[in-house]
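Okay, structure first, notes after.
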Number of protein chains: 2
Amino acid sequence: MTHSSEIKALLFDVFGTVVDWRGGVARDLRPFLGRHAASIDAYEFADAWRRQYVPAMGEIRSGRRPFVRLDVLHRENLLKVLADYGIDVSSIPADELDALNHSWHRLDPWPDSIEGLLRLKRRFMIAPLSNGNIRLILDMAKRAALPWDAILGAEVVRAYKPSPQVYLETVEILGLEPSEVCMVAAHNSDLAAARQCGLKTAFVLRSTEHGPAQKTDLHAEQAWDFITTDLNDLATQIGCPT
Amino acid sequence: MTHSSEIKALLFDVFGTVVDWRGGVARDLRPFLGRHAASIDAYEFADAWRRQYVPAMGEIRSGRRPFVRLDVLHRENLLKVLADYGIDVSSIPADELDALNHSWHRLDPWPDSIEGLLRLKRRFMIAPLSNGNIRLILDMAKRAALPWDAILGAEVVRAYKPSPQVYLETVEILGLEPSEVCMVAAHNSDLAAARQCGLKTAFVLRSTEHGPAQKTDLHAEQAWDFITTDLNDLATQIGCPT
């Protein structure tokens, strides 16, 4: 049993763990695709856009490319996916592409997220540790009332998860030991990287992040310190009153 | 008349502008001095501690020293001031010095700050642009319920105000033009540096920041875009409903 009394701060993965990126991006894609490529399914396009995310960050994690914020990668990836679908990008105004790119700033929390975060915030420092850039996470939080104590993450340390420096430099910014910080994520790979750095770990089951046919992250692949069904369950397990 | 409709984000100096550092530090100094040097006035010590702030940052601004966060400078400056007062530091436990150093994390807002920030937050992004490090500003915000949308400032860009890069890189992080951002401060020098970078400027009169005999920053030294008596006045002038 993990002693939660040692934990001072909780760091949250955001896309998929706190908010539903697939539903939010598809919602904004629907009118866009209606204008430009009515035969393409919005969820399919959202999934294709998301698949570009890991390889794009890989260029930066490997050092082949200097750090740029996620808004920039999302915009480049959008152009790639549009081209892959045979859509003529030159016919679409840049403003319209920018607005669509900002769909990632307008994602809705899962139904338990706000209540769970508010309970956790009373006892712990809570902050995102997302690959999303500061403005993206700020816009999302302001729109949805996500009650972060600070916005930490990739842009603050200018590196992308799961590079160890992202976890370690963030712990250092908080003035804590790794064992005093718990990483909260719906992704086993994120938790594995955090555990390698000495952080505590909390798995949150998000079985429909990738849609109804999701095959990944349906169970905890290691004995994480907390294994939970949502953020309210985490709050209860970690000892926060309702 | 400045068109406030262009402004998207307000950045706030914190020490002196949003919170009363002198009163807060003196409050925590009193019991400490009572134990170690009962004849020293807490306000006088707080002022002496604060006087070390600008030269300490100067070492970093000039490039003679790599960036370290303000908690580190405050701790070094505390040792200097104790020595200047002839107090034997070796007799004081490190934990006690650390606790005193953290008095900067426990400062109270001026009476208008919370209400003013809440009004401004409904219409603008609001964030500190302080030389205080992230954990310091986080602790202060959590204790006093300062409703920041994000914590920006010196540690995020690894440089100290009034270096131009602090203002310019923060504007870039927000994805805005300098003219879309307004710096809010009780210090003419901070506003002058922000204006040089193209930001809008709002002066807040804090006539007792340095105590009843304050001689500096008692009036606006340039025609700032907004000249205000407190954060509620700023909210009114900039067009935020009560």
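In what follows, chains carry the letters A, B, and so on, assigned in the order in which the sequence lines appear, proteins first and then strands, with residues in each chain numbered from 1. A quick note: this is a predicted structure, and the numbers were derived from the prediction, not measured.
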>> Tell me whether Gln196(B) at atom CD has more than 12 heavy atoms from other residues, nucleotides or ligands lying less than 6.0 Å away.
In response: no
>> Take a 6.0 Å sphere around CD of Glu96(B) and say whether it holds more than 12 heavy atoms from other residues, nucleotides or ligands.
In response: yes
> What distance separates Asp149(B) CG from Ile134(A) CD1, expressed to the nearest 0.5 Å?
Replying inline: 12.5 Å
> So which of Leu138(A), Leu176(A), Leu146(A) has the biggest tally of heavy-atom pairs under 4.5 Å with chain B?
Replying inline: Leu138(A)
> Is there side-chain contact between Ile173(A) and Arg135(B), with at least one heavy-atom pair below 4.5 Å?
Replying inline: no
>> Does any part of the side chain of Met125(A), heavy atoms only, come nearer than 4.5 Å to the side chain of Asp139(B), both counted from C-beta?
In response: yes
> In terms of heavy-atom proximity below 4.5 Å to chain A, should Ala141(B) be classed as side chain, backbone, both, or neither?
Replying inline: neither
>> Less than 4.5 Å to any heavy atom of chain A: does that hold for the side chain of Leu152(B), its backbone, both, or neither?
In response: side chain
>> Between Arg69(B) and Glu172(A), does any NZ, NE, NH1 or NH2 come within less than 4.0 Å of an OD or OE carboxylate oxygen?
In response: yes
> Under 3.5 Å, side chain of Lys142(A) to main-chain N/O of Arg122(B), donor-acceptor pair present?
Replying inline: no
